[in-house]
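Here the structure is laid out as structure tokens; the discussion comes afterwards.
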Protein chains: 4
Amino acid sequence: MAKQLTPHSRVEQAKARNDAILAAALVEFVANGFAATRIDDVAKRAGVAKGTVFHHFTDKERLFESMARAVLQPWVDRIDQLVPAPDMLIRSVIEAFLTPLVEEIATPRGDVLRLFISEGMRFPRLADFYHGEILSKLFGRLRPLLRIAAARGELCNPGIAELPQLIGAPIVVGVLWHGLFQRIEPLDHSALLKVQLDCLFVGKDRG
Amino acid sequence: MAKQLTPHSRVEQAKARNDAILAAALVEFVANGFAATRIDDVAKRAGVAKGTVFHHFTDKERLFESMARAVLQPWVDRIDQLVPAPDMLIRSVIEAFLTPLVEEIATPRGDVLRLFISEGMRFPRLADFYHGEILSKLFGRLRPLLRIAAARGELCNPGIAELPQLIGAPIVVGVLWHGLFQRIEPLDHSALLKVQLDCLFVGKDRG
Amino acid sequence: MAKQLTPHSRVEQAKARNDAILAAALVEFVANGFAATRIDDVAKRAGVAKGTVFHHFTDKERLFESMARAVLQPWVDRIDQLVPAPDMLIRSVIEAFLTPLVEEIATPRGDVLRLFISEGMRFPRLADFYHGEILSKLFGRLRPLLRIAAARGELCNPGIAELPQLIGAPIVVGVLWHGLFQRIEPLDHSALLKVQLDCLFVGKDRG
Amino acid sequence: MAKQLTPHSRVEQAKARNDAILAAALVEFVANGFAATRIDDVAKRAGVAKGTVFHHFTDKERLFESMARAVLQPWVDRIDQLVPAPDMLIRSVIEAFLTPLVEEIATPRGDVLRLFISEGMRFPRLADFYHGEILSKLFGRLRPLLRIAAARGELCNPGIAELPQLIGAPIVVGVLWHGLFQRIEPLDHSALLKVQLDCLFVGKDRG
DNA sequence: GATGAATGAGGGTTCATTCAT
DNA sequence: TATGAATGAACCCTCATTCAT
């Protein structure tokens with residue numbers, strides 16, 4: 001009865017807290033890295049007590065991984081957009097997929113990607129998840145696309161079809177450059193993507 | 001004469017210890033990252049007392065940076081080999097430079113590179129050094145080479161000349177892939193380099 | 001009901017621990033001085049873990065200052081007794097105030113005073129507190145008293161009214177002497193106080 | 001022969017170094033106190049190597065004590081000036097002795113005195129020396145003087161003759177006040193001395 | 001479940017002291 | 001005797017984790 005008066009049920013409250021903790025963890029981990037992030041700060045930012053964090057997540061590592069999964073989920077969903085359209089150049093499909101990513105390099109999303117690159121080496125399980133849930137799915141979509149492109153003669157080099165890493169290279173390079181050197185020597189991420197795609201795919205005049 | 005009998009003078013011993021500490025630091029930092037590396041372990045590995053580490057390096061950060069500089073020096077030296085040869089394709093000059101790097105991806109040198117990528121974000125001074133001593137020199141050599149290549153019509157796209165990052169992309173992507181996913185899905189680093197160069201430079205038949 | 005059964009609530013326990021730490025800190029700081037006191041020993045004496053000390057006090061300095069304030073508080077309260085009584089000689093009022101202090105020179109309270117004199121120079125904030133909370137209040141009471149005494153002709157020299165330090169001098173000298181030389185050459189603190197007051201105030205026969 | 005060319009013999013050099021170390025120690029100990037003073041800084045200030053300090057003084061405590069003795073020596077010598085002059089008031093003799101001390105309260109000499117008061121409690125041997133070499137000699141001179149004064153009727157109270165601490169009180173109080181509170185509430189040290197002497201000795205008109 | 005006081009192992013850093021040169 | 005590199009015990013402080021309320 002009293003429960004009706006509260007806008008959220010207990011489960012809903014728990015879910016809300018869980019999300020708040022994950023969101024706070026994201027900010028703190030991005031800002032400080034795994035080792036330098038204090039659970040205390042995450043709790044404070046989430047507006048809960050320190051102990052509550054441990055009620056929701058076994059330990060610091062699990063919190064990190066849970067946060068990672070939560071953050072990466074939207075990207076997983078976007079991968080499904082990568083489908084060949086009969087009337088489109090494969091390059092255009094891919095470019096349409098990558099362009100928003102490039103624009104996010106300088107946003108918090110880019111920070112997250114940098115974080116995973118930085119910490120991934122020390123979190124095999126995170127790398128597993130990252131590979132299993134993102135890359136293998138992404139490459140599972142890319143490879144057929146690239147094979148079609150190869151068949152259509154859109155590729156400069158047939159080897160590209162088996163090396164989808166080359167498609168993502170401008171994103172990876174851009175993300176790292178931004179994190180390490182942007183303040184010293186800015187890089188035009190869009191140009192980087194465009195030139196790379198120009199090189200991987202044959203020009204329009206040839207197509 | 002007595003001095004001849006002792007293999008090392010005091011300063012030489014100090015230098016030797018300094019090197020031992022740097023070498024030990026390299027191993028430990030690569031294995032554990034900055035935060036999780038204990039000075040105690042570095043000291044033990046170097047065969048000195050903990051205090052000795054602080055006698056040689058102000059604090060943990062300085063030790064890390066000194067180690068970084070020491071390790072990167074050989075690479076700095078190698079950059080000078082990047083000179084155009086009148087009778088060689090620019091691609092060949094660049095490929096000759098990059099191929100050894102690719103082969104080092106799976107060696108301790110690669111570990112170091114991964115370490116710098118991981119920790120560089122939290123060590124602006126390290127990034128400064130890395131950019132100032134390595135990248136700006138490397139790009140300072142690459143850009144003229146690429147402009148020559150552009151003039152000779154060796155480039156697929158003239159924009160490459162202003163984006164030397166695309167030349168290094170296979171190394172960067174390879175290093176990261178190795179650190180994150182090699183055990184899950186191996187990547188043929190040589191092929192990655194070859195295909196990328198095939199795409200950036202026009203084929204022989206065209207040249 | 002259950003709450004009634006437990007003698008201490010959580011906050012009460014925390015308060016009790018806080019007090020225990022302050023009491024332990026007092027003993028240790030008095031015995032060893034600031035620099036030579038180990039937080040570990042304070043914790044042990046207080047019956048808590050080392051971390052608990054830092055849970056209650058930011059750092060060693062704050063612990064010292066908090067202890068100082070806690071210990072000095074009773075003295076602050078006593079100052080209010082320093083009020084003129086119409087039918088009493090000012091000297092008697094002051095003597096009644098100082099005599100208990102003299103008797104405490106050889107007790108832990110005296111140790112604390114010695115400690116503050118020793119460490120005050122290196123703790124400006126402690127000196128500030130000591131001056132602001134104790135001396136300025138004490139002198140604020142003493143000066144009117146002494147002016148009344150001057151008006152009544154009780155003072156040997158009117159200048160005393162503006163130098164209340166002379167009233168406290170026997171205490172200060174006694175405290176220092178006790179700490180430094182008592183074992184070598186004992187000093188009769190009561191006599192010191194009496195003779196000083198005899199000299200500052202005119203004799204009864206004269207009054 | 002070559003020795004003739006050097007201006008100082010070996011012993012003289014050693015003496016010079018010894019003095020340099022003592023002088024440096026004085027400055028550092030006064031500035032930082034015993035615990036916070038680093039032998040390294042003393043050595044640097046003295047222009048010698050750290051090891052040299054330990055060649056001249058067994059350990060840090062001995063260095064402190066040696067410095068103390070060296071610094072106090074001039075004061076010991078001054079005590080001999082305290083002799084009764086037939087045609088002078090005892091008060092004048094004493095005042096002539098104390099006035100220069102009062103004027104030194106705000107000088108490095110005063111810092112030294114403060115240092116000894118601060119650290120004396122933790123250095124029984126220093127207190128011993130201070131008492132044996134300074135105070136007992138000083139009081140040995142003062143007491144006869146005061147007895148003469150008592151016999152001459154110069155004293156307000158015969159008890160003063162057995163409490164020479166009251167003579168020194170303005171100095172002690174002044175030194176402490178300066179160290180602890182001068183910046184908060186300045187004290188007129190000369191006035192303090194004058195009023196105290198005015199109170200201890202009978203006025204001129206009576207004498 | 002939520003809380004936050006308590007824990008205590010851990011690690012960076014300091015510095016008096018030693019000793020080979 | 002002078003040097004200063006090396007030592008290592010000591011100690012402050014951090015912070016993930018626990019658990020009584």
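Only heavy atoms go into these numbers, but all of them, side chains included; no hydrogens, no water, no symmetry mates. Letters A, B, ... are given to chains in the order of the sequence lines, protein chains preceding strands, and every chain is numbered from 1. On a predicted model such as this, the values are computed, not experimentally measured, just so you know.
The distance from atom CG of N18(A) to atom CD of Q13(A), rounded to the nearest 0.5 Å, is 13.0 Å.
Two residues, A49(C) and D40(B), neighbour DNA chain E, and the one matched to the more 5' nucleotide by heavy-atom proximity is A49(C). Take the nearest nucleotide of DNA chain E for G51(A) and for F54(D): the residue whose nucleotide is more 5' is G51(A). Each of R17(D) and H55(B) lies near DNA chain F, and the nucleotide nearest R17(D) is the one positioned closer to the 5' end.
Applying the 3.5 Å distance criterion, the base of dT7(E) shares no donor-acceptor pair with the side chain of K50(C).
Aromatic ring orientation, F123(D) versus F64(D): parallel (interplanar angle below 30°, classes split at 30° and 60°). Between F34(A) and F29(A), the angle of the ring planes stays under 30°, which puts this pair in the parallel group of the 30/60° scheme.
Between R45(B) and D41(B), none of the side-chain N atoms (NZ, or NE/NH1/NH2) sits under 4.0 Å from a carboxylate O, so this pair counts as no salt bridge.
Side-chain nitrogen and oxygen atoms of H56(D) include at least one within less than 4.0 Å of the OP1 or OP2 phosphate oxygen of dA2(F).
At distances below 3.5 Å, not a single donor-acceptor pair connects side-chain atoms of T52(B) with backbone N or O atoms of V48(B).
T37(B) comes within 4.0 angstrom of the backbone, heavy atoms only, and of no base.
Distance, F57(C) CZ to dT14(F) P: 15 Å, rounded to whole Å.
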Checklist entry - Reading DNA chain E 5' to 3', how would its secondary structure be written in dot-bracket notation, given Watson-Crick and G-U pairs with both distances under 3.5 Å, brackets [ ] for crossing pairs and | for partners on other strands? => result .||||||||||||||||||||
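For the salt bridge (Lys or Arg N to Asp or Glu O under 4.0 Å) with R125(D), the lone residue among E119(D), E65(D), E61(D) that qualifies is E65(D).
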